[in-house]
Every structure is written in C-alpha cells, then in structure tokens.
Amino acid sequence: MSNPVVLALTAGEPAGIGPELCLQLALESRTCGVVVVASRPLLEARAKQMNLAVELRPWQPGEAPEMKAGLLSVLHVEGCANDQPGSLDTGSSAYVVRTLEVAANGCLDGEFDGMVTAPVHKGVINDAGILFSGHTEFLQELCGVERVVMMLATEELRVALVTTHLPLKDVSAAITPERLTQVTRILDTDLKKFFGIARPRILVAGLNPHAGEGGHLGREEIDTIEPTLESLRTEGLSLTGPLPADTLFTPHWLDQADAVLAMYHDQGLPVLKFQGFGRAVNITLGLPIVRTSVDHGTALDLAGTGRADAGSLHTALKVGEQMARCRKSAIEETRL
Ligand SMILES: NC(=O)C1=CN([C@@H]2O[C@H](COP(=O)(O)OP(=O)(O)OC[C@H]3O[C@@H](n4cnc5c(N)ncnc54)[C@H](O)[C@@H]3O)[C@@H](O)[C@H]2O)C=CC1
Ligand SMILES: NCC(=O)COP(=O)(O)O
C-alpha cells in the first residue's frame, strides 16, 4: 500500500457552514490524510458552540496528518475577524482568500496531493474590495493556466460548463471557438485521465431555445458551436450536438453519454442539483493540481444549527482522494 493521500481542506467563509462541516468530518476516521487550512480559534469556537468533541492538532509540513475519529490536523491561518455563525464580516475576507493561497501553494509545492474547498461567500469577499469570481477562476490565475473547466458530478450525471461566473448578458460573446475548443479538449482529456473513460461521449448543449431553431432563434449554434464541434470531431472526440438544452437532460440522450457540456452556469447546474444536491462534487478540471469542492454555498441560515448536511463534503473528499491517487500514480509511472 502506497503512502496515504494528503488533502488540504479549506474551511471557507467563517460565518457559513464550512467550519462545522470540517469538524463533523473529524468525528469519523478517514481513509486519507486531511489537513484543515483555517483559523484554529475559529474551529475551536465552533466546536464549543456546537458541542462537537474534536481535538485540534497543529500540523506542520512533512508530518502525517491525523486520521483517527475525534482528531483533526489544522494548519492555522491568521486574520479571521469573526466566529459568529450567520454574521458576515468583510474583515475576514483577506483571511479566506489566504486559506486558498496556502492550500493551493501547498499543492504546487507537493506538500498536499490535492485540495478540497468548503464554500466561500463571493459577495462579502468583493465587498471587502477583493475581486473574486469564484475558486475556479481564482485557482486558474494562481496556477497560471489559460483555461480551466468547472464540472459538477454525481454518480449518475456529469455536467461541465463552457462559461462559469458570468452575467447572462456577457455569455454569448464569451462563447468563442477558442474557448469552446479549449474547454471541450480539457473535458475530454480529464475524463480520460481521472475517470478512466477511454473515449468520453460528450453531449453539447446549444445556447438558444431549440438550439437556435435553424437560425431563427439565434445564430451562435450555426456560426460558432457547430463548426467548432466539427473541427474537434476530426481530432477523434466523441461529441453530440449542439442539442436543445430543454430535452438534452432526458434518458434518451443521457443513457448514451459520459458528460454534458452546458454553455452557462444556470443552464447546467440546476439540473445537476435537482438530480443530486447534497451528494454532488464540484471539480476544477485543467489545473496542474487536484481541486474538488462541495455542491452548495455558505448556507448562512443553517450555520451553527447542526442541520447542515455533510454529504457533499464527503463526496468531495472521496473524489479528491481518487483523483489525487490517480495523479500520484501517473507521476510515479513517468519516473520509472
Ligand atoms: N463552492 C463555493 O464556494 C460556493 C459558494 N457559494 C456562495 O454561497 C453563498 C450563498 O449561496 P446560495 O445561493 O444561498 O446557496 P446555498 O447553497 O448556500 O443555499 C441554498 C439553500 O440550500 C441549503 N443548503 C446549502 N447547503 C446545505 C447543506 N450542506 N445541508 C443542508 N442544506 C443546505 C441552504 O440552507 C439554502 O436553503 C453565495 O455567496 C455564493 O456565492 C455558492 C455555491 C458554491
Ligand atoms: N455554483 C458553483 C459555484 O458557484 C462554485 O464555484 P467555485 O467557487 O467552485 O468556483
């Protein structure tokens, strides 16, 4: 048995459910090492408020993280200004972003095999004067790559997005042949690399109602999507579409596909969340590091109540561990 995978887990927004989900996780034993990257006093305060019997152990690079029930390794990050569930504070925003930097840099340096993120509150980070669209875009920039892909997945359905956190009015202009080509290639490559699918079958949604109705309801399909897919097919990719998005998510199509490529956030994610909210994982494809996340947000209404479900965090850790193991094996093979 090779060394256990070590994942960094960022606790996210201090006022949200992230800190308590990290603590809940520590009530059970783990199959991989987990180091929570967060303010230690924040975690101590939340454990006390919620009566969670978790002993926090400071973690140093190079040490094996705790894996036993009741123990949690913590890499402390300074600067958390609030520990009250439900109350946002712009004073903590730089701290939240710092936890992401520490985890991502730890992955790039090889201290961690991957990172898992609990939810942040994008609004309060921007209110603090820090431009932040999402983890996806932040990690793309931090890792210095031109394009990444957001994909959410359950056991039954995978949905990837061509555009991510973009106002709807800007979506059409963002769907260029270059972006569509990059996103589709990343999706195809990473489905092979991390999910063992020899030739991924990808269903591609159109942008307009009825996929443009032959040009009568928009021309993006004719001018951009069809020619780009045709060109990618000549590289051997298995692509079906552009299909009308309203009927694409039916067994007729889904039964013969490995993933759906949606054009924008709210075209694909509501379907995925209707199908599996609470047990899905959000994966950033195309990064040089492994990053998975939960399928939900900060749920300020639930923070501190004990009613937050840890199902998606469990999925994010399980998939993060599988992907990290896959990446480690690939690295070891290239060394042989
Ligand atoms: N990965 C991330 O960092 C994400 C962050 N967000 C951020 O979260 C904030 C709030 O977003 P909302 O749209 O309100 O979505 P939300 O997911 O926080 O809440 C939507 C509904 O789902 C419930 N819910 C969420 N997580 C739950 C859990 N684990 N167990 C039981 N119920 C749960 C909430 O109580 C609420 O009723 C926003 O600032 C958004 O940007 C949203 C999605 C992902
Ligand atoms: N709806 C998914 C979402 O907003 C998560 O985005 P990110 O923070 O993982 O980029």
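Whatever order the structure lists them in is the order used to number ligands and atoms, beginning at 1. Every value quoted in this text rests on a predicted model; they were computed, and no experiment measured them.
Of all heavy-atom pairs spanning Leu187 and Leu285, the tightest one is CD1-CD1, 3.8 Å. The nearest pair of heavy atoms linking Val102 to Phe112 is O-CE1, 4.4 Å. Between Leu75 and Trp59, the shortest heavy-atom distance links the atoms CD1-O, 3.9 Å. Here the closest heavy-atom approach between residue Val34 and residue Ser73 is recorded as O-CB, 3.8 Å.
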**OP:** Applying side-chain hydrogen bond (donor to acceptor under 3.5 Å, both in side chains), run through His216 and Glu213 and close with a yes or a no.
**Re:** CA-CA 5 Å; His216 298 287; Glu213 193 79 46; over 6 Å; no
**OP:** I would like to know whether Glu321 and Lys318 meet salt bridge (charged side-chain N to carboxylate O under 4.0 Å, His left out); could you show each step before the answer?
**Re:** CA-CA 5 Å; Glu321 182 182 348; Lys318 189 177 87 179; over 6 Å; no
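Residue Val120 holds the heavy atom nearest to atom 40 (C) of ligand 1 of all those in Leu88, Leu152, Val120. Compare His165, Gln140, His135 by their heavy atoms: the one nearest to atom 6 (O) of ligand 2 is in His165. For atom 17 (O) of ligand 1, the nearest non-hydrogen atom from the set Ser293, Gly297, Gly16 belongs to Gly297.
Any N or O atom pair closer than 3.5 Å counts here, and Ala299 shares at least one such pair with ligand 1. Ligand 1 has an N or O atom lying under 3.5 Å from an N or O atom of Asp301, backbone or side chain. Annotation: Asp309 places an N or O atom under 3.5 Å from an N or O atom of ligand 1; distance criterion only. An N or O contact shorter than 3.5 Å links Thr298 to ligand 1 by distance.
Here the heavy atom of the protein found nearest to atom 1 (N) of ligand 2 is His265 NE2, 2.9 Å. Remark: minimum distance from atom 32 (N) of ligand 1 to any protein heavy atom is reached at Leu302 CD1, 3.2 Å. Nearest protein heavy-atom contact of atom 10 (O) of ligand 2 is Thr136 OG1, 2.5 Å.
Here the SG atom belonging to Cys107 is positioned 8.0 Å from the CG atom belonging to Leu7, to the nearest 0.5 angstrom.
For atom 30 (N) of ligand 1, a protein non-hydrogen atom is found at a distance below 4.0 Å. Under the 4.0 angstrom criterion, atom 13 (O) of ligand 1 counts as lacking any protein heavy-atom contact. Not a single protein heavy atom sits closer than 4.0 Å to atom 20 (C) of ligand 1.
In this structure, Phe132 and Phe138 have tilted ring planes: the angle between them lies in the 30° to 60° band.
Within the structure, ligand 2 has Arg291 among the residues with a heavy atom less than 4.0 angstrom away.
The proximity of Ile17 to ligand 1, defined as any non-hydrogen pair under 4.0 Å, is limited to the side chain. With a 4.0 Å cut-off on non-hydrogen atoms, Glu13 does not touch ligand 1 at all. Within the 4.0 Å heavy-atom criterion, both parts of Pro119, backbone and side chain, lie near ligand 1.
Looking only at atom types and distance, the side chain of Asp127 has no donor-acceptor partner in the side chain of Thr90 under 3.5 Å away.
Atoms of ligand 2 found under 4.0 Å from any heavy atom of Met150, numbered from 1 in the order shown, are 6 (O), 10 (O).
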